[in-house]
Amino acid sequence: MPIVICNAGPLMALGKLNRLELLTDLYNEIQIPQAVYKEVVTAGLARGAPDAQVVRLFCSQRQLPVVSVSETTMMDYTPQVILDPGETEVLALAQSVMNPFLLMDDEVARAEARRLKIQVRGTLGVLVQAHRSCILTFKQIKLLIEEIATRPDIWIAARLCEQVLVNIQKNDKG
């Protein structure tokens, strides 16, 4: 089973949707790099972001490890693109573990993960996997994806949300 390393985008989006439990429903081992936790929780709480409190409580209750990425691990990774500190830690950590699986939404960071031949999935991919695993019904996933498409605080394109819904409907029928 892969080690799932989570970046800020999916944590914040699933926190805003109040569906963080999908992470532990779908994945056995989840790690959150310290820079990601600082970005989502510490900085989020300082800004008064309600999802920061949701993520903090979820991580505490589910005992998700917030991992410190060693200086050596960080020095062993040189990104080919400009990344924020959380994305850099996620990718550096991924290169240091066996069989990593990343959760990240940022397209530049996802392209870098693919360049490194690391499996990656975003928030929408988590929702689709939850639907395929019969955790979410079609009505539930449709509502969540439509909410993502209309929320200004979740930065996932409405066009991509529409494409994912069309694909789910097509696969459900076929």
Side-chain angles (χ1 to χ4, degrees), residues 1-69 73-74 77 79 83-97 100-114 118-131 133 135-136 140-141 143-157 160-161 164:
M1 197 74 185
I3 294 174
V4 176
I5 305 169
C6 199
N7 196 33
L11 276 179
M12 290 189 297
L14 293 170
K16 291 171 197 297
L17 297 168
N18 203 23
R19 295 313 299 250
L20 282 164
E21 81 283 352
L22 293 175
L23 295 176
T24 51
D25 289 348
L26 292 168
Y27 310 112
N28 290 332
E29 186 175 351
I30 302 165
Q31 295 183 352
I32 301 168
Q34 204 163 33
V36 171
Y37 190 84
K38 284 180 184 176
E39 178 185 347
V40 175
V41 176
T42 309
L45 289 172
R47 287 190 317 272
D51 54 303
Q53 181 72 308
V54 171
V55 173
R56 186 187 71 75
L57 289 170
F58 178 77
C59 289
S60 173
Q61 289 172 355
R62 301 293 171 104
Q63 299 179 337
L64 295 183
V66 177
V67 296
S68 179
V69 182
T73 299
M74 292 300 292
Y77 170 59
L83 301 169
D84 72 26
E87 293 161 346
T88 304
E89 276 197 11
V90 164
L91 289 161
L93 181 59
Q95 287 196 295
S96 73
V97 299
F101 185 85
L102 306 184
L103 298 178
M104 52 180 29
D105 286 335
D106 182 82
E107 190 48 47
V108 172
R110 289 166 60 100
E112 176 71 353
R114 288 189 291 271
I118 299 171
Q119 282 189 298
V120 64
R121 177 175 290 147
T123 300
L124 294 174
V126 171
L127 296 178
V128 169
Q129 185 179 1
H131 175 65
S133 299
I135 296 169
L136 295 175
Q140 289 171 316
I141 193 172
L143 180 64
L144 289 167
I145 291 175
E146 287 174 348
E147 183 177 348
I148 289 170
T150 60
R151 287 186 68 146
D153 61 343
I154 299 178
W155 305 283
I156 298 174
L160 179 58
C161 291
V164 169

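Fair warning: this is a prediction, and the values are worked out from it, not measured in the lab. Here, residue 1 is the first one in the sequence, and each next residue gets the next number.
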Test side-chain contact (heavy atoms from CB on, under 4.5 Å) applied to [X] - qualifying residues, sequence neighbours left out:
| X | value |
| --- | --- |
| A52 | L45, A49 |
| P65 | Q31, V67 |
| L57 | Q53 |
| S60 | none |

* **Qualifying side chain to side chain donor-acceptor pair (under 3.5 Å) pairs with a residue from residues 144-156, counting only residues at least two apart or across chains** =>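 Every side chain to side chain donor-acceptor pair (under 3.5 Å) pair that includes a residue of residues 144-156, provided the two are not neighbours, is K142-E146, E147-R151, R151-D153.
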
Does [X] have any side chain to side chain donor-acceptor pair (under 3.5 Å) partners at least two apart in sequence or in another chain, and if so, which?
| X | result |
| --- | --- |
| S133 | none |
| T24 | R62 |
| Q140 | T137 |
| E112 | Y77, R115 |

* Asked: Between Q34 and V69, is any pair of side-chain heavy atoms under 4.5 Å apart?
  ->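 No. Closest side-chain heavy atoms not under 4.5 Å.
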
* Asked: Between CG of L136 and CG of L144, what distance do you get to the nearest 0.5 Å?
  ->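 Taking CG in L136 and CG in L144, the distance rounds to 6.0 Å.
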
* To do: Only counting residues at least two apart or in another chain, list the ones meeting salt bridge (Lys or Arg N to Asp or Glu O under 4.0 Å) with R19.
  =>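 Once residues adjacent in sequence are excluded, the partners of R19 under the salt bridge (Lys or Arg N to Asp or Glu O under 4.0 Å) criterion are E21.
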
* Go through the structure and list residues passing salt bridge (Lys or Arg N to Asp or Glu O under 4.0 Å) with E89, not counting sequence neighbours. =>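 Partners of E89 under the salt bridge (Lys or Arg N to Asp or Glu O under 4.0 Å) test: none.
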
Enumerate, atom names and distances included, each donor-acceptor pair closer than 3.5 Å involving a side-chain atom of residues 2-18, sequence neighbours excluded.
| residue | atom | partner | partner atom | Å |
| --- | --- | --- | --- | --- |
| K16 | NZ | D51 | OD1 | 3.4 |
| K16 | NZ | D51 | OD2 | 3.4 |

